[in-house]
Each structure stands twice: as structure tokens, then as C-alpha cells.
Amino acid sequence: MNREITPYILKRTPEEAAPRKLSIDYAAALNPQQLAAVTAGDGPSLVIAGAGSGKTRTLVYRVAYLIDSGVDPSNILLLTFTRKSAQEMLQRAGELIGVRSERVCGGTFHSVANMLLRRYGRAVGLEPGFTILDRGDAEDLIALVRSQLGLNEKDKRFPRKGTIAEIFSKSENTLRSLDDIVVEEFGHFADHLDALAQLQKGYHAAKRQRQLVDYDDLLVLLRQLLTQDQQARQAISRLYRYILVDEYQDTNRLQADVIRNLAAAHQNVMVVGDDSQSIYAFRGATFRNIMEFPALFPGTTIYKLEENYRSTQPILNLANCIIEEAAEKYAKHLFTRKLDGPLPTLAEATGENAQSRFIAQKILELREEGVPLSEVAVLFRSSFHSFDLEIELSRRELPFVKRGGVKFIETAHVKDLLAHLRVVANPLDAVSWHRVLMLVEGVGPKKAQDLLGALVKSASPYQVLREVSGRSGQGLKNLANTLESLSGSGELGTADQVNHIYEYYLPILKEQYDDYPKRIRDLDHLHTIAEGYPEVDGFLSDLALEPPDGSAIDVEAPDRDDERMVLSTIHSAKGLEWQCVFVIWVVDGKFPSIYSFVTDEDMEEERRLFYVAVTRAKRHLYLTYPINVFDKSSGMLLSKPTRFLDHVSPSMFEQLALIEEGSHADWRGYRDDAY
DNA sequence: CGAATGTGGCTTTTT
DNA sequence: GCCACATTCG
């Protein structure tokens, strides 16, 4: 049915033709570069937004502007890196334009894909009640399939489950073949190519059979939906007529392709990002996306935001020096009007603890000077880099929140409890069944595996459990009773269900962990979160898509938020800013990490990561590096500041050497020795 | 045989 | 502190 379609123009009435009266004075609120981006016309646009250049402000005003000029808010799609940042932006837009902004669809790629697949997923084989696997679940399922296929040959060195998941994920996200990834990035496993391919097939089949979807599937299946199902494709592109993408430098090929498909009907796509801040290559992102956007979307208008509103000139000077050496980037010249400020400090510490104590002491000094704790952050390359500091801060009763690192949702006890909830919600969920069964006394891998087969086939799984005799008989009966009480007629709310499982699980928890009181607090936290969800499904998918990042400490004093400093990985600090920023472990071998010494691309990414860290600071910036640190994994003695400072003139810093009070080398002694 | 318990190796960054 | 593998226990 390829009928010619003749366009018929609906003419504007004189009233409609007159320029709409806008309710906000955009020109007064924005600088000329921002204004140009905010008021851009239809068609593709690329906004290159330097660090601290008001990128979020620009997006917020863009949303407001679109609504202001007559676009229906529900036709706007705002894709961000975390759901929290989407919410914040829409709230700010709401302050400008009113409650209409609430109807804008905002979230991460994954959360939007989740929503669309629950609605239209049947076309690609998904029932609306599918279960989302987080990374750990995906790994467990891979391990399960591996043992079913008998692939754990003991003679050869087979990659562990985490590595396998990484390989599969990278292949999906970069749109490259499995062979390619293995040969080029995991060469030492090239022997196992066939086995890996077989495993990938099995993993895929297991997911589809059981209505399980991992993070990558959310994107893969959305793309499939858009390319294969005309109806869904039309419905979706009619819905989202204006697409805004934040942090575009951290999207991967798969996401770029999803955007291309979403925008195919209208090309109204504005992406915002900074190629110099691309730091997620390890999960398949490529800054090529932002470099090649104009080629992918012909007719792209490029806007650049170059005025920095965040940092003082001395900090910006350092940042510019660091990024100047980058191999490839969009040319931009960041400038600021905040000319005055202290020089960044580079401090050498005699060991890790000296570094921690320096920070604690300096924070107290800064507090005297009027910098509140909430305006202080300590940033680091890897989550464990802050362990010593955490102890030191606790000792001095300096309150902090830690971001990044192990999520509370990923801890074994929380996953255990949730697994029970999940088997009730999706009785096909093999991963959760396995987990639940293994917790029962007398059940090991073999029995769990056997039961799994029977459970999935049976119409009444709880009966199957009750019929088991032997060592595990009683335990399985208890399990059956607990699960049945959840799914039964009671119509329990999510929080009540969590409570029921908790009662069943508590003895197991106490048996398994000596530190169970701490873990009980996590479960209480989970219960609190559950209270906000009438539906179990929503609770489970929200937890998988946006895990709450704090541990139990977070919930205990939520109202004192403003009095705590932040400890964060640099990755988790993306987009944030503080008056005072400490970057610790700025020692070559930790930062850049020795893992990145292999390829130039990895090294370039470390440089950008360092750039991101430095540009978080508004006024005070401290870089610290311990010396004489023995690195076990490499066998190297680390003592030199990061190589990214090699070409930076010493005049751009104030340099400190930390000396213990009362030691042989107090200040004067040190000088005498040194000169 | 299969479950429970013990031991050695290594640990980046995350939707 | 967590995972894979080794050994002991029922």
C-alpha cells in the first residue's frame, strides 16, 4: 500500500501567525551563546557545553522555551544520565513555566526504554510484567547457563562470570561482534571464543524464555521495536516530537542509534555535552558520538557555551592546561569573570594516613573561614581509595556521605530478600529462584538446579516445594508457605510483603552473617523505600534502574544533609560542584590507574577524568598525593604526582609538603635537609 | 553424591 | 570482602 500522499497545508490564522508572546525574558536570563541554543529552531542541534558553562541551565530554559512557544509538554522527551538529574531539571523548569513541565517525559535511556517496552514490548516478545536484571543478576544467570552447558572446564582458564558479562555487554553497547571484542580487548581469552559464543546464545535464550531483561536488553529491544514494528514506531515518534539529550559525550553507539531512530520522523533532537568530559568508555560510551553527531544528522547547528560560571581563573587555568594535551577535542576557550581566587594546592603526603589527616585538618580550617561542610567534597579515582579517609573522618566526627562504590541494593542480604519478592512477581525468574533455594538448609547447587526445572514447568510451584522429602524438606515447606502467603488473596502492599519475607529470612540472615545487626538496618531501609510503592512491579524495576546510592547511614540522619561533606568517585561527581574540592591519590599509578597504561585511548580517558575532577571546584582546589606507596598489583613503588601535571608550570600551584608535628623533619629541619 | 566449610587470589569507574 | 576452587562432612 504505497499510495502517494499529497500534503495539504493548513494555513495559520492571522492570530496564530503573529509571534507568540513569551512569558519569560530569555535574553535577560541567559548569555548570548546560551540564548542561541535555548531559542534554536527545529532540526538537529549540538550544544558543546564546557565545564561549568551553564549546561543544565540551558537545558532547563530550553524545556521552558519549547513549552512557552506552544509545544505540548508531553511531546518533549528529556534523556539524562540519572533520573535524579531529570527530576531536578524538570522541577527547575517548573519554577519558570509552571506545572505544565510535569508532563514532560524525563529519565535515563534505560528508564524510558523500560516504560516504552512495558507498553509496546509484546511486539518484540516481552510481556508487560518482565523482570529487569541488574548487573549482579545478569552475572548469576550467566553462571547458571554456563554450568548447564557444562562449560566450566577446569583444565583451561575460563573467564569469570563478571568478565563474561562485561564482554557481552560491551559487544551490545558498541554494536561490535563478540569476536571483535574478545580478540581486541580480551585477547587472552581468544581460545574460548566458541564457548563464549555458545554461552551468549544460551544466555540470550534463557532471558527470553523467562521474561528476563538485562540493562543492555532494554536498549537493544527498544531499538528493535523502533526498527521492526511500524505501529509502535509511529506511535512513539508521534509522541516524542522534541528530544533533548544531556551528557551526550557519555552515550554509546547503541544509544546513539536509539536516538537516531526516535528522531527519524522529525529530526528535532538537541544533544548537549562536552567531549572533554567523556569518561564512560569502559561501559561502551564513545566520545566519537559527539564528534560525529553533525555527520549523522545532516544540517546540525552547533552551539558552544564557553563562559564558565563555576570556577575562579586560577582553577580554570589549571584545567585548561590539563586538557590542552588531549589528543582530540572540539576547540573551545573557557573563560570566567571570577578572576581572583587562591591558587590550587598540590600537597605531598608521606603516606596514605598523612593524606587523610591533612584533609581532615584542612576541612576544619576551612570551616573556620566560613566554608560549610556541605560545600566540601573529596574526590577519588576508585571507590576504595577513600577507606582510610573514612576512618579518619569518623574518628574526628566529621560527618560525610559517600557516593559511588558498592550500592546497598547490591549487598547480598538485600538481594536475598528481593529475590523472594521477585519469584512471586515472576515465577519464571530462574535467577531469583536459584538464589532463594540456595538459602534453604540442605539445598546446594544440584538440588537447586533440579528444582528449578520442575518449578518452571509446574503450574503450582509451591506444591512442588512441599513434595520434597529429605534434609531440605522442612525448609522448602516453610519457603512455600511464606511465598504463598504473599501471592495469596491477602492483597498485601509492597511494604507488608517485604515484612513477611523479612520474618522468614531473619533466621537465615543471623545464621549466615556475624555482622547481621548492620544488615538488618539495610533491610529496614528497604522496607521504608517499599512504603512508597503500592505495586511490587514498580518497586522492583525502580530499584533496578535507579538504585538508591547510600548505605544505611544515609537514612539515619536525612535531615542533616546540609551539614555533611561528600566523598565521591569522580564518575559519581559528574555534573556537580562544590566551593572546595579535594582530589586524593593524585599519584601516578593510581591516577592514572595502572590499568589504563595499555592503550592510548584509556590514557586519554584518564586525562578527561582528571579534568572532570578539577573542574568540580568553584574556589578551593587541593590535589594530594601520598609518596612511597607500594602498589601490590603492579609491584611498583608509587611516589610521583600524576603525569597529567608534568607539563603544568609550577607557578600555577601552591606546593605543600606535609610534615608530622614534632618529627625530626619539622618545617625548619625539612628546609635544611632539602636545600 | 552433594552440601557445607575452608583457603588463596585479586580488587576501577556504573545505568 | 568476594569469587573460584579445594577439602571435609553427612
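Throughout, a chain's letter reflects where its sequence line sits, starting with A, and its residues are numbered from 1.
A salt bridge links A:Lys574 with A:Asp250: the distance from a Lys NZ or Arg NE/NH1/NH2 to an Asp or Glu carboxylate oxygen falls below 4.0 Å. A salt bridge does not link A:Glu352 to A:Lys590: none of the charged side-chain nitrogens sits closer than 4.0 Å to a carboxylate oxygen. Taking the charged nitrogens against the carboxylate oxygens, A:Glu606 and A:Arg381 do have a contact shorter than 4.0 Å, which makes a salt bridge. Look at A:Arg288 and A:Asp275 and you find no salt bridge, because none of the NZ, NE, NH1 or NH2 atoms lies under 4.0 Å from a carboxylate O. Using a 4.0 Å cut-off between a side-chain N of Lys or Arg and a carboxylate O of Asp or Glu, A:Lys415 and A:Asp137 qualify as a salt bridge. Ion pairing of A:Arg83 with A:Asp542 is present here, as a side-chain N (NZ or NE/NH1/NH2) and a carboxylate O approach within less than 4.0 Å. With salt bridges taken as basic N to acidic carboxylate O contacts below 4.0 Å, one links A:Lys170 and A:Glu185. A salt bridge does not link A:Arg160 to A:Glu139: none of the charged nitrogens lies less than 4.0 Å from a carboxylate oxygen. A salt bridge is absent between A:Lys55 and A:Asp274: the closest approach of a Lys/Arg side-chain nitrogen to an acidic carboxylate oxygen does not fall below 4.0 angstrom.
Counting any heavy atom pair closer than 4.0 Å across all strands shown, A:Ser596 reaches no nucleic acid atom. At a threshold of 4.0 angstrom between heavy atoms, the contacts of A:Gly162 with the nucleic acid are absent. Contacts of A:Ser593 with the nucleic acid, taken as non-hydrogen atoms under 4.0 Å apart, are absent.
A heavy-atom distance below 4.0 Å to DNA chain B is reached by none of the residues of residues 131-140 of chain A.
In this entry the distance linking CD1 of A:Ile279 with P of B:dT12 reads 17 Å, nearest Å. The NZ-P distance, from A:Lys574 to B:dT15, rounds to 10 Å in whole Å. Atom C1' of nucleotide B:dT11 and atom NE2 of A:His385 are separated by 10 Å, given to the nearest angstrom. Between the C1' atom of B:dC10 and the CD atom of A:Glu166 lies a distance of 15 Å, rounded to the nearest Å. Distance A:Lys161 NZ to B:dT11 P: 16 Å, rounded to the nearest Å. When rounded to the nearest whole Å, the span between CG of A:Asp216 and C1' of B:dT15 equals 9 Å. We find that CZ of A:Phe282 is positioned 15 Å from C1' of B:dT11, with the value rounded to whole Å. Protein atom CZ of A:Arg381 is 8 Å distant from nucleotide atom P of B:dT13, rounded to whole Å.
A:Thr569 places none of its side-chain heavy atoms less than 4.5 Å from the side chain of A:Leu379.
Stacking between A:Phe384 and B:dT11 is absent: the aromatic ring centre is not both under 5.5 angstrom from the base six-membered ring centre and within 30 degrees in plane angle. Stacking annotation: A:Phe109 is not stacked on the base of B:dT15 (requires ring centroids less than 5.5 angstrom apart and an interplanar angle below 30 degrees).
Within the structure, every side-chain polar atom (N or O) of A:Thr82 is placed at least 4.0 Å from both OP1 and OP2 of B:dT15. Side-chain nitrogen and oxygen atoms of A:Lys407 include at least one within less than 4.0 Å of the OP1 or OP2 phosphate oxygen of B:dT15.
Checked against C:dC3, B:dT13, B:dA3, the side chain of A:Arg160 finds its nearest nucleotide in C:dC3. Each of B:dT12, B:dT15, B:dT14 was ranked by its minimum atom distance to the side chain of A:Ser572; first place goes to B:dT14.
Residues A:Ala544 and A:Gly444 each lie close to DNA chain B; by heavy-atom proximity, the contact nearer the 5' end of the strand is made by A:Gly444. Between A:Lys446 and A:Arg283, the residue whose closest nucleotide on DNA chain B is further toward the 5' end is A:Lys446.
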If you restrict it to nitrogen or oxygen atoms, what contacts under 3.5 Å exist between nucleotides 8-10 of chain C and the protein, and what is each distance?
none

